[in-house]
Participant: 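I'd like to ask some things about the structure below.
Remember, it's a predicted structure, so these values are computed and weren't measured experimentally.
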Amino acid sequence: MIMPIRRGLLAASAGLLLLGGCALQPQSDEKDRLDHLLTRASFDDRIGDLESTLANACQVQEASRQGQQDRLERVGADVREIGSLVRALRADVETLQSDSNVVMPECPSSDIDALENKTLLGRTEWVGFPNIGTYLKARIDSGANTASLSAREITEFEREGEDWVRFKLALDEDAVAIDGARDKWVEAEVVRRVRIIQASGEESRPVISLLMELGPIKQNVEFTLNDRTHLDYPVLLGRRFMMDIALIDVAQSYLHERPEYPGGEPAEMAAEDEAGDRIDDDEDE
């Protein structure tokens, strides 16, 4: 009786084990399948991210390329416009060259050319009087109008119905001149008279014309006659003399060589006489 029951229990136990084994196998396969599904989803997400990144990079690159293309088109348009202008200018030049009736205006002379034709003078210069036979120191002063020559014993007279004057040079002992000319009588025709207004009153002075040399300049110059022995220079040259022929550089003196006359010293000895000039020249009339 007992033996049949044991065999029944063993059989039932074996059956349960078999059923349990069958149930465990499907559970393991399901877990593997779920793990497989999760890995594929992560992979797909990663691929999606990469595709988005590449798409954004392509959009940025495309925008940059489009901007460069736009700039190139604008530069090309500018070049075409400049080319059109150049062609138009060439056409105008060819038209002018082919038109023989076109008269080109003459260019005016420049101020530099005008200056080059004038003699530069210092504030003091040596002047020579060939008809008197002496050289003298002269002050160049654009503030004065007429030139002035230091004279004494001025005597007016009439010759053939014209007014003339006779005089001697008025020179102090320190004045540089050729000795033979100091007491020489000089005669000249009166070309006009000037009225001089001073603190002491008015006076009329004769004006004569004398041949004078100064560097490259040699011409007749009008001088008023008056005693200048109280002044530093026996000769004063004003703007009437300088007009259209000379300019002054007040920073320099004796730019031109001293003339030479019989009885006088050679020109290279003039430096010794120039050294005695006063630095602060007095104001002349």
Participant: Count the heavy atoms of every other residue, nucleotide or ligand shown that sit under 6.0 Å from CD of E158, and state whether that count exceeds 12.
Facilitator: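 Counting neighbours around CD of E158, more than 12 heavy atoms of other residues, nucleotides or ligands fall under 6.0 Å, so yes.
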Participant: May I ask you to decide if A170's main-chain N or O and R228's side chain share a donor-acceptor pair within less than 3.5 Å?
Facilitator: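 Flag not set: sc R228 to bb A170 has no pair under 3.5 Å.
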Participant: Does the side chain of R193 come within less than 4.5 Å of P206's, by heavy atoms?
Facilitator: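 Yes, side chains in contact.
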Participant: Distance from R192 atom CZ to R205 atom CZ, nearest 0.5 Å?
Facilitator: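 That separation rounds to 12.5 Å.
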Participant: Has the side chain of Q68 got a donor or acceptor atom that lies under 3.5 Å from a matching backbone atom of R65?
Facilitator: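 No; judged by distance alone, with no hydrogens or angles, the pair does not exist.
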Participant: Consider only side-chain heavy atoms of I, L, V, M, F, W and Y, link residues closer than 4.5 Å, and tell whether V186 and M212 are in one cluster.
Facilitator: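 Hydrophobic grouping puts V186 with M212.
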Participant: Answer yes if V250 and L214 sit in the same cluster of Ile, Leu, Val, Met, Phe, Trp and Tyr residues linked by side chain heavy atoms under 4.5 Å apart, and no otherwise.
Facilitator: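 Per the 4.5 Å side-chain linkage, V250 and L214 are co-clustered.
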Participant: Hey, mind stepping through K137 and D277 against salt bridge (charged side-chain N to carboxylate O under 4.0 Å, His left out) and telling me if it holds?
Facilitator: CA-CA 10 Å; K137 289 182 178 181; D277 281 5; 2.5 Å; yes
Participant: Say whether, by atom type as modelled, one donor and one acceptor occur between the side chain of T229 and the main chain of D172 under 3.5 angstrom.
Facilitator: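 Checked: no pair found.
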Participant: Count I, L, V, M, F, W, Y as connected when their side-chain heavy atoms are under 4.5 Å apart, and connections chain through other members. Are I248 and I245 then in the same cluster?
Facilitator: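 Yes, because I248 and I245 connect within a single hydrophobic cluster, where side-chain heavy atoms sit under 4.5 Å apart.
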Participant: My understanding is that only one of L121, T124, D273 makes a side chain to side chain contact (heavy atoms under 4.5 Å, CB included) with Y254; could you say which?
Facilitator: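 Of all the options given, the one that passes is T124.
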Participant: Checking the side chain of R152 only, and the main-chain atoms of F167 only, is there a donor and an acceptor separated by less than 3.5 Å?
Facilitator: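 No.
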Participant: Could you report the tightest heavy-atom contact between I132 and K184, atom names first, then the distance?
Facilitator: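 Looking at all heavy atoms of both residues, the closest pair is O-NZ, 3.3 Å.
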Participant: In terms of hydrophobic clustering (I, L, V, M, F, W, Y; side-chain heavy atoms under 4.5 Å; direct or indirect links), are W164 and F223 co-clustered?
Facilitator: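 No, separate clusters.
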Participant: With rounding to the nearest 0.5 Å, note down the distance linking CZ in R166 to CD in E153.
Facilitator: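 R166 CZ to E153 CD: 11.0 Å, rounded to 0.5 Å.
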Participant: Between L211 and K218, which heavy-atom pair has the shortest distance, and what is it?
Facilitator: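 Answer, listing the atom of L211 first, then K218: CD2-CE, 4.0 Å.
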Participant: Rounded to the nearest 0.5 Å, what separates atom CG in L136 from atom CG in L169?
Facilitator: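 The CG atom of L169 is 6.0 Å from CG of L136, to the nearest 0.5 Å.
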Participant: Would a hydrophobic clustering, with Ile, Leu, Val, Met, Phe, Trp and Tyr connected at side-chain separations under 4.5 Å, put I217 with I140?
Facilitator: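 Yes, one cluster joins them.
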Participant: Could you pull out the closest heavy-atom pair between E222 and V207, with the gap in Å?
Facilitator: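 So the minimum-distance heavy-atom pair works out to CB-CG1, 3.8 Å.
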Participant: For R159, look at atom CZ and say whether over 12 heavy atoms of other residues, nucleotides or ligands are found less than 6.0 Å away.
Facilitator: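 For R159, atom CZ is crowded (more than 12 foreign heavy atoms under 6.0 Å).
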Participant: When you look at V127 and F129, which way does the side-chain contact (heavy atoms from CB on, under 4.5 Å) test go after all the steps?
Facilitator: CA-CA 7 Å; V127 296; F129 296 94; 3.9 Å; yes
Participant: If I take atom CD from residue E260 and atom CE from residue M269, how far apart are they, to the nearest 0.5 angstrom?
Facilitator: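 The CD atom of E260 sits 11.5 Å away from the CE atom of M269.
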Participant: Give the intermediate values and the outcome of side-chain contact (heavy atoms from CB on, under 4.5 Å) for residues I154 and N226.
Facilitator: CA-CA 8 Å; I154 302 171; N226 65 297; 5.7 Å; no
Participant: First locate atom OH of Y135, then atom CD of E265, and finally report the distance between them rounded to the nearest 0.5 Å.
Facilitator: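 Here the interatomic distance stands at 5.0 Å.
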Participant: Taking all non-hydrogen atoms of both residues into account, name the closest pair between L171 and R182 and its distance.
Facilitator: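 Here L171 and R182 meet closest at CB-NH1, 3.6 Å.
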Participant: To the nearest 0.5 angstrom, please state how far the OG1 atom of T224 sits from the CG atom of N145.
Facilitator: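 Separation between the atoms: 10.0 Å.
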Participant: Is a side-chain N or O of E213 found less than 3.5 angstrom from the main chain of P130, in a donor-acceptor match?
Facilitator: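 Not a single qualifying donor-acceptor pair exists.
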Participant: Give the minimum heavy-atom separation between A147 and V221, together with the two atoms involved.
Facilitator: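 It is CB-CG1, 4.2 Å.
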Participant: Between E203 and I196 (side chain of the first, backbone of the second, donor and acceptor by atom type, cut-off under 3.5 Å), is there such a pair?
Facilitator: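 No; judged by distance alone, with no hydrogens or angles, the pair does not exist.
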Participant: Go through the steps to decide whether V165 and E156 satisfy the test side-chain contact (heavy atoms from CB on, under 4.5 Å), and finish with yes or no.
Facilitator: CA-CA 4 Å; V165 67; E156 297 188 46; 4.1 Å; yes
Participant: In terms of side-chain heavy atoms, does E274 have a donor or acceptor partner in W126 at a distance below 3.5 Å?
Facilitator: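 Short answer, yes.
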Participant: Show the nearest heavy-atom pair for residues S142 and R239, with the distance to one decimal.
Facilitator: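 In terms of heavy atoms, the two residues are closest at O-NH1, 3.1 Å.
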Participant: Report the C-alpha separation of M242 and L247 in whole Å, then their side-chain angles, then the decisive distance to 0.1 Å, and conclude whether the side-chain contact (heavy atoms from CB on, under 4.5 Å) test is met.
Facilitator: CA-CA 7 Å; M242 294 180 290; L247 297 170; over 6 Å; no
